[in-house]
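Accompanying notes for the structure given below.
Index from 1, following the sequence.
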Amino acid sequence: MWGMIATWRMAVEGITKGAEMLKDGGDAGDAIESAIREVEDFPYYKSVGYGGLPNEEMEVEMDAAFMDGNTLDIGAVAAIRDFANPVSIARRLSHEKVNSLLVAEGAEKFAHKEGFERKNMLTDRAKAHYRKRIKEMSAQAASQKLKPYSGHDTVGMACLDMSGKMTAATSTSGLFMKKKGRVGDSPISGSGFYADSKKGAASATGLGEDLMKGCISYEIVRLMGEGMHPQEACETA
Ligand code: ASP
């Protein structure tokens, strides 16, 4: 038995390829990483990787995480700029005993040292969205300026391979027009993702500030561990 589930339409191509790997006996870590990379690389998704919408200062700051449900090893990066595949950096960090969640310049330094591909993630299309929003904002009343709920969507996945191993992973450019340094739920263990091969795996999408109030992904996995059906666990959590 194997399976893979993900947030949003943008993940279809990635999980289709990941499913091929799993069908051939592939590893849940490899399948989920490759599926998320596919979404990160696609230039027209405005909320993940290349082409993601920028923060207030017109910089694309990305959050990503990876968790191995056999070992409970976790790696994550937050507010990282100028690297093509944050999920791969997160997975690499999951092998570290210490320093496995790195932010901003620290994450970039690590990624550079480890030879990860550098890339300017801000596309012309994303710049155009930014300029349009700036114009709209200057035309609006101060109270309406911040619309944090528009222009985001994390890719989050849960994966099971034939050996019974589960993984969870996320990748996002977070909220469009967020403050520099803002970190959402996606790189935070238990909030944006969780995987325990004995119980299940979960990942979240939605407004990070709300998702972090309840350690929602951990709670879903915990309830599944008590025997709850996944749908019921999500609704209860
Ligand atoms: N959870 C993400 C964040 O708050 C955004 C999203 O999933 O739509 O950064």
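Atom CG of residue Leu175 and atom CG of residue Leu53 lie 10.5 Å apart, to the nearest 0.5 angstrom. Expressed to the nearest 0.5 Å, how far CD of Glu59 lies from OH of Tyr130 amounts to 9.0 Å. Atom OH of Tyr194 and atom SG of Cys215 lie 11.0 Å apart (nearest 0.5 Å). Rounded to the nearest 0.5 angstrom, Asn55 CG and Arg81 CZ are separated by 8.5 Å. Here CD1 of Ile216 is found 7.5 Å from CD of Glu219. Values are rounded to the nearest 0.5 Å. In this structure, the separation between CD1 on Ile188 and CZ on Phe193 is 8.0 Å, given to the nearest 0.5 Å.
Sorted pairs that involve residues 115-129 and meet side chain to side chain donor-acceptor pair (under 3.5 Å), not counting sequence neighbours, are lacking altogether. Contacts classified as ring-ring contact (aromatic ring centres under 6.0 Å, His included) and involving residues 43-72 (residues at least two apart or in different chains) are given here: Phe42-Tyr44, Phe42-Tyr45. The ring-ring contact (aromatic ring centres under 6.0 Å, His included) pairs that include a residue from residues 93-125 number zero, where partners must be two or more places apart or lie in different chains. Applying the side chain to side chain donor-acceptor pair (under 3.5 Å) test to pairs two or more places apart or on separate chains, those with a residue in residues 223-237 are Arg222-Glu226, Gln231-Glu235.
Within the 4.5 Å cutoff, the side chain of Val183 has heavy atoms near those of the Asp63 side chain. Considering only heavy atoms from C-beta on, Met157 stays 4.5 Å or farther from Ser203 through its side chain. At a threshold of 4.5 Å between non-hydrogen side-chain atoms, the residues Asp196 and Leu72 count as touching. For the pair Met58 and Arg131, the minimum side-chain heavy-atom distance is below 4.5 Å. Considering only heavy atoms from C-beta on, Met121 stays 4.5 Å or farther from Ser173 through its side chain. In this structure, the side chains of Ser171 and Met62 stay at 4.5 Å or more apart for every pair of heavy atoms. In this structure, Met10 and Val155 have side chains that are in contact, with non-hydrogen atoms separated by less than 4.5 Å.
With Asp68 contributing its side chain and Thr71 its backbone, the two residues share a donor-acceptor pair below 3.5 Å. Panel note: side chain Asp161, backbone Asp27; no donor-acceptor pair is recorded below 3.5 Å. When atom types are taken as modelled, the side chain of Glu40 and the backbone of Val87 share a donor-acceptor pair closer than 3.5 angstrom. Counting only distance, with no hydrogens or angles, the side chain of Ser191 and the backbone of Asp185 share no donor-acceptor pair below 3.5 Å. Listed for the Thr170 side chain is a donor-acceptor partner under 3.5 Å among the backbone atoms of Ala65. In this structure, the side chain of Ser197 engages the main chain of Asn70 through a donor-acceptor pair within 3.5 Å.
Listed here is the closest heavy atom pair of Ala126 and Gly52: CB-O, 3.7 Å. Across all their heavy atoms, Ala35 and Ile15 have their closest contact at CB-N, 4.1 Å. Summarising the geometry of Leu22 relative to Ala28, their closest heavy-atom pair is CD2-CA, 4.2 Å, with the distance given to 0.1 Å. Taking every heavy atom of both residues into account, Pro187 and Val77 meet most closely at CB-O, 3.5 Å. Residue Ala201 comes nearest to Thr167 through the heavy atom pair CB-O, 3.9 Å, listed as atom of the first residue, atom of the second, then distance. Scanning both residues, Met21 and Ser34, for their nearest heavy atoms gives SD-OG, 3.4 Å.
Contacts of Glu61 classified as salt bridge (Lys or Arg N to Asp or Glu O under 4.0 Å), with partners at least two apart in sequence or in another chain: Lys180. The salt bridge (Lys or Arg N to Asp or Glu O under 4.0 Å) test applied to Glu20 returns Lys23, not counting sequence neighbours.
In terms of hydrophobic clustering, with Ile, Leu, Val, Met, Phe, Trp and Tyr side chains grouped at heavy-atom distances under 4.5 Å, Tyr218 and Met212 are assigned to different clusters. Residue Ile134 is grouped with residue Leu122 when hydrophobic side chains (ILVMFWY) are merged at heavy-atom distances under 4.5 angstrom, including chains of intermediate members. A continuous path of hydrophobic side-chain contacts links Met4 to Trp8 [ILVMFWY only; heavy atoms under 4.5 Å]. Linking ILVMFWY side-chain heavy atoms closer than 4.5 Å, directly or via other members, places Met67 and Leu160 in two distinct hydrophobic clusters. Two different hydrophobic clusters hold Leu223 and Leu211 under the rule that ILVMFWY side chains link at heavy-atom gaps under 4.5 Å.
At a threshold of 4.0 Å, the pair Lys17-Asp41 does not count as salt-bridged, since none of the basic side-chain nitrogens sits closer than that to a carboxylate oxygen. Between Glu209 and Arg182 there is a salt bridge, with a side-chain nitrogen of the basic residue lying less than 4.0 Å from a carboxylate oxygen of the acidic one. Between Lys109 and Glu105, no side-chain nitrogen of the basic residue sits less than 4.0 Å from a carboxylate oxygen of the acidic one, so the salt-bridge criterion is not met.
A donor and an acceptor atom, one from each side chain of Thr154 and Ser186, are located under 3.5 Å apart. In this model, no donor atom of one side chain and acceptor atom of the other lie less than 3.5 Å apart for Ser94 and Asp73.
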